[in-house]
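Only one structure is covered here, and it is reproduced in the block below.
Naming convention: chains lettered A, B, ... in sequence-line order (proteins, then strands); numbering from 1 in each chain.
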Amino acid sequence: MRKRLLTWFSDNARDLPWRRDHSPYRVWISEIMCQQTQVATVLPYFERFLSTYPTIRNLADADENQLMRMWEGLGYYRRARSLHAAAKKMVEEHDGEFPESFDDVLALPGIGRYTAGAIQSISRNQAFPILEGNTQRVFSRWIGLTVPPTEKIAQARLWELSDKMLPRRKSDDRSNGPAGFNQAAMELGALICSPRSPKCGECPVATICHANQQGLQDDIPGKISKVQYESRTEIAVVISRDDRYLVRTIPEGVRFAGMIDFPRAGPPEADDVVGMESWLAGQLGGDVTLGMRLKTIKHAVTRYRMTLHVHLGEWNVNSDRVAEDGPMPDSWQWATVDELADMPMSVTGRKIVRLLDRPQRSLFSEL
DNA sequence: AACACGGGGGG
DNA sequence: CCCCCAGTGTT
């Protein structure tokens with residue numbers, strides 16, 4: 001199994017940027033970006049990220065807004081914040097170097113058992129097993145494991161198998177060592193042993209694959225999906241004043257933490273336009289009146305199927321809490337379109353910015 | 001063990 | 001539309 005897989009990999013491996021230069025720093029960044037994200041999606045982000053932050057210290061010193069801006073569109077934004085925290089930890093505790101031991105790597109934020117094993121094996125050719133979406137599927141099919149791979153017993157068997165398959169013989173040749181094997185197993189899952197319609201006819205190990213022999217390749221791994229898709233309707237509000245728009249910084253601990261967003265809410269805070277007006281007035285002080293609907297944005301993300309109504313709005317400050325020219329409530333600010341361009345936003349937030357940046361803009365200035 | 005994570009690609 | 005993706009951290 002191992003030899004056939006390695007031979008196949010040496011002939012079919014994709015030319016990925018973290019394979020050309022496999023320093024721990026680069027492999028780390030690539031692994032974090034690849035979490036729950038397809039390789040093809042990662043590529044442009046990886047190159048840009050490495051150009052902006054070529055070293056651990058550059059990343060540790062990064063401006064948080066710029067860092068989040070670099071991550072915009074990749075999703076799972078906590079990954080970017082964990083990267084930053086981990087880089088700072090490396091500067092403080094490891095003299096700015098990437099830690100060498102598995103346990104020290106595992107102790108970094110955002111790094112679990114898979115990622116620690118991937119870094120140690122791919123970067124340093126050390127014998128640590130990995131288990132992720134690809135290898136879970138490849139190994140399950142190979143041994144004919146019919147229990148869903150998410151179950152505890154399946155996880156235990158798969159980790160054990162991943163470890164047992166690892167080349168132990170100390171090899172200077174990365175391609176025949178843990179670096180080669182772990183990447184080969186993942187690559188097989190990505191290119192051949194795909195979730196649906198696996199290309200068993202092109203698979204180097206089909207003849208010794210339990211699932212293939214029994215014709216179970218479409219039934220293994222078993223159904224994992226427990227996700228309940230949820231339709232959500234939310235309202236966002238564009239409030240302008242002298243070519244500036246009202247936005248806020250999302251606080252720690254909630255979704256979009258550290259990013260910038262237009263006033264936005266959905267159930268239970270705001271069920272409709274009237275609910276939005278009162279919710280936003282409660283946030284800002286004064287009165288808020290929503291105007292015409294500029295656009296409705298449909299956006300599917302993770303398990304949510306969102307419909308976002310974007311309205312114009314007016315904010316009349318007439319309470320004692322906030323004077324007309326006084327300080328903004330905490331975390332809120334006025335920003336121009338140019339300023340918004342450099343701020344990190346969700347994909348839907350960025351779509352709203354693009355609405356402002358177009359011909360319709362003249363439409364606003366008359367309102 | 002179950003859930004959140006708020007992006008995108010592919011069938 | 002549904003499922004999956006080089007998973008991790010939290011409850």
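Evaluation of the ring pair (Phe, Tyr, Trp, His ring centres under 6.0 Å) rule for F98(A) yields W28(A) as partners, not counting sequence neighbours. Listed by chain and number, the residues in a ring pair (Phe, Tyr, Trp, His ring centres under 6.0 Å) with F46(A) are W18(A) (sequence neighbours excluded). Under the side chain to side chain contact (heavy atoms under 4.5 Å, CB included) criterion, T307(A) pairs with T233(A), T296(A), K298(A), H309(A), not counting sequence neighbours. Remark: Y25(A) engages no residue in a side-chain hydrogen bond (donor to acceptor under 3.5 Å, both in side chains) (not counting sequence neighbours). Contacts of Y45(A) classified as ring pair (Phe, Tyr, Trp, His ring centres under 6.0 Å), with partners at least two apart in sequence or in another chain: none. For the side chain to side chain contact (heavy atoms under 4.5 Å, CB included) test, residues two or more places apart in sequence or in another chain that qualify with K89(A) are E93(A), A107(A), L108(A), P109(A).
If you check every strand for non-hydrogen atoms under 4.0 Å, W71(A) touches nothing. Nucleic acid contact for I122(A): none, since no nucleic acid atom lies under 4.0 Å from a heavy atom of the residue. Nucleic acid contact class of L106(A) (heavy atoms, under 4.0 Å, all strands): none. Residue S30(A) is classed as having no contact, given no heavy-atom separation below 4.0 Å to the nucleic acid.
Residue T115(A) places at least one side-chain N or O closer than 4.0 Å to OP1 or OP2 of dT8(C).
For the pair Y229(A) OH and dC1(C) P, the computed distance is 10 Å after rounding to whole Å. In this structure, CD1 of I32(A) is placed 9 Å from C1' of dT8(C), rounded to the nearest angstrom. For the pair E230(A) CD and dC1(C) P, the computed distance is 14 Å after rounding to whole Å. R79(A) has its CZ atom 15 Å from the P atom of dC5(C), to the nearest Å. Atom pair Q155(A):CD and dA2(B):P shows a separation of 12 Å (rounding to whole Å applied). N134(A) places its CG atom 10 Å from the C1' atom of dC4(C), with the value rounded to the nearest Å. With rounding to whole Å, W28(A) atom CH2 is found 14 Å from dT8(C) atom C1'. Atoms CD (Q136(A)) and C1' (dC4(C)) sit 11 Å apart, rounded to a whole Å.
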Scoring nucleotides 4-11 of chain B by protein non-hydrogen atoms under 4.0 Å (B base, S sugar-phosphate only, - none) yields SBBBBS--

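The same atom, C1', is picked in dC4(C) and in dC5(B); the two are 15 Å apart, to the nearest Å. Between dG9(C) and dG8(B), the two P atoms lie 23 Å apart (nearest whole Å). Across the P atoms, dT11(C) and dG6(B) are found 15 Å apart, a figure rounded to whole Å.
Comment: R124(A) does not engage E100(A) in a salt bridge, judged by the lack of any side-chain N to carboxylate O separation of less than 4.0 angstrom.
Annotation: side chain of Q136(A) is not in contact with side chain of P221(A) (no heavy-atom distance under 4.5 Å).
With DNA chain C read from its 5' end, the first of the two nearest nucleotides for P109(A) and A190(A) is the one closest to A190(A).
Remark: the backbone N or O of E97(A) is not paired with any side-chain donor or acceptor of D95(A) at under 3.5 angstrom.
Hydrophobic side-chain contacts under 4.5 Å tie L158(A) into a cluster, directly or through other members, with M1(A), L5(A), L6(A), W8(A), F9(A), L131(A), V138(A), F139(A), W142(A), I143(A), L145(A), V147(A), W159(A), L161(A), M165(A), L166(A), F181(A), L188(A), L191(A), I192(A), V205(A), I208(A).
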Can you give the dot-bracket line for DNA chain B, using ( ) for pairs inside the strand, [ ] for pairs that cross earlier ones, | for pairs with another strand and . for unpaired bases, where Watson-Crick and G-U count if both distances are under 3.5 Å?
|||||.|||||

